[in-house]
Amino acid sequence: MTAEMNLAYRILDDQLVDVEGRRCGRVDDLLLEGEPGEPLVLEAILSGSGVWHRRLPGWLQRPARYLFGSGVIGKDIIQVPWTQVDGFDDVVHLRAKAPELGLGQGDDRDAALFRRIPGA
């Protein structure tokens, strides 16, 4: 018996958790590489505000890109190499700290704002 899994269905939208247990984003898309007729290789997880709008119907992509991010890798798309994935169960476990992978930047930025709110 061979165990097969559709990885895209299995981990898309799963929470990313760094080596310290910090929740630092979601799996928004997967980066696959390969030539026609050759096997595909999973290169990276894509995460960030610039990714998810690509899964919307065509007529909604432009307004979503305007509102939520341009879709530029390094700006609002974080590329996490698949080699940094330690495993997955109900979340995707990463081998490094979130800042080392470029994740959690929005949380860090917004934390200063929320600290000022009484009772937050």
Side-chain angles (χ1 to χ4, degrees):
M1 179 167 93
T2 58
E4 291 187 16
M5 172 188 346
N6 186 324
L7 194 59
Y9 285 122
R10 172 56 192 85
I11 69 169
L12 274 179
D13 296 323
D14 277 5
Q15 186 77 50
L16 295 170
V17 177
D18 77 358
V19 71
E20 296 179 324
R22 176 182 176 188
R23 294 180 182 274
C24 52
R26 292 209 173 264
V27 178
D28 292 312
D29 206 351
L30 300 174
L31 179 63
L32 302 170
E33 296 286 335
E35 296 296 320
E38 294 183 12
L40 290 175
V41 176
L42 178 56
E43 292 290 328
I45 288 174
L46 301 178
S47 183
S49 62
V51 180
W52 66 268
H53 61 74
R54 295 192 277 181
R55 295 191 301 182
L56 294 172
W59 62 276
L60 282 175
Q61 288 184 13
R62 178 173 274 163
R65 195 170 38 248
Y66 175 77
L67 291 171
F68 301 108
S70 62
V72 176
I73 291 181
K75 182 173 187 262
D76 52 8
I77 296 177
I78 307 302
Q79 195 169 326
V80 179
W82 185 250
T83 57
Q84 290 297 319
V85 174
D86 193 33
F88 52 89
D89 42 41
D90 55 332
V91 298
V92 177
H93 300 275
L94 302 173
R95 297 179 192 267
K97 295 178 183 178
E100 293 171 13
L101 298 171
L103 296 167
Q105 296 169 357
D107 294 341
D108 295 340
R109 182 185 61 240
D110 296 342
L113 171 69
F114 284 103
R115 275 190 222 108
R116 296 182 201 160
I117 300 172

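Position 1 is the first residue of the sequence; numbering continues from there. Here the structure is a predicted model, which means the values were calculated and not measured.
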Worksheet item: Cluster question for you: counting only ILVMFWY and a side-chain heavy-atom cut-off of under 4.5 Å, with indirect links fine, are Leu94 and Leu12 together?
Response: yes
Worksheet entry | Nearest heavy-atom neighbours spanning Ala98 and Cys24 | CB-CB, 3.6 Å
Worksheet item: With ILVMFWY side chains joined below 4.5 Å, transitively, what does Val17's cluster contain besides itself?
Response: Val91
Worksheet item: Do Val85 and Ile11 come within less than 4.5 Å of each other through their side chains, counting heavy atoms only?
Response: no
Discussion item. Can you list everything that forms a salt bridge (charged side-chain N to carboxylate O under 4.0 Å, His left out) with Asp90? Sequence neighbours excluded, please.
Written reply: none
Item to complete: Could you tell me whether a side-chain N or O of Ser47 sits under 3.5 Å from a main-chain N or O of Asp28, the two making a donor and an acceptor?
Response: no
Practice prompt. With sequence neighbours excluded, tell me which residues meet side chain to side chain contact (heavy atoms under 4.5 Å, CB included) with Asp29.
Written response: Leu46, Val51, Arg54
Fill in: Residues which pass salt bridge (charged side-chain N to carboxylate O under 4.0 Å, His left out) with Glu33, listed by chain and number, not counting sequence neighbours
none
Worksheet item: Is a salt bridge present between Lys97 and Asp18, judged by a nitrogen-to-oxygen distance below 4.0 Å?
Response: no
Worksheet item: Is any side-chain heavy atom of Arg95 less than 4.5 Å from a side-chain heavy atom of Pro81?
Response: no
Worksheet, complete the sentence: Rounding to 0.5 Å, atoms CD (Gln84) and NE2 (His93) come to a distance of 15.0 Å
Fill in: hydrophobic_cluster_shared for Leu103 and Leu30, side chain cutoff 4.5 Å
yes
Discussion item. Once side chain to side chain contact (heavy atoms under 4.5 Å, CB included) is applied, do any residues pair with Leu32, and if so which ones, sequence neighbours excluded?
Written reply: Leu40, Leu42
Worksheet, complete the sentence: Checking Val27, Leu16, Leu7 against Phe88 for side chain to side chain contact (heavy atoms under 4.5 Å, CB included), the one that qualifies is Leu7
Worksheet item: How would you list, by chain and number, every residue that makes a side chain to side chain contact (heavy atoms under 4.5 Å, CB included) with Glu35, sequence neighbours excluded?
Response: Glu38
Discussion item. Let me confirm one number: the CD-OG1 distance from Glu43 to Thr83, rounded to the nearest 0.5 Å.
Written reply: 9.0 Å
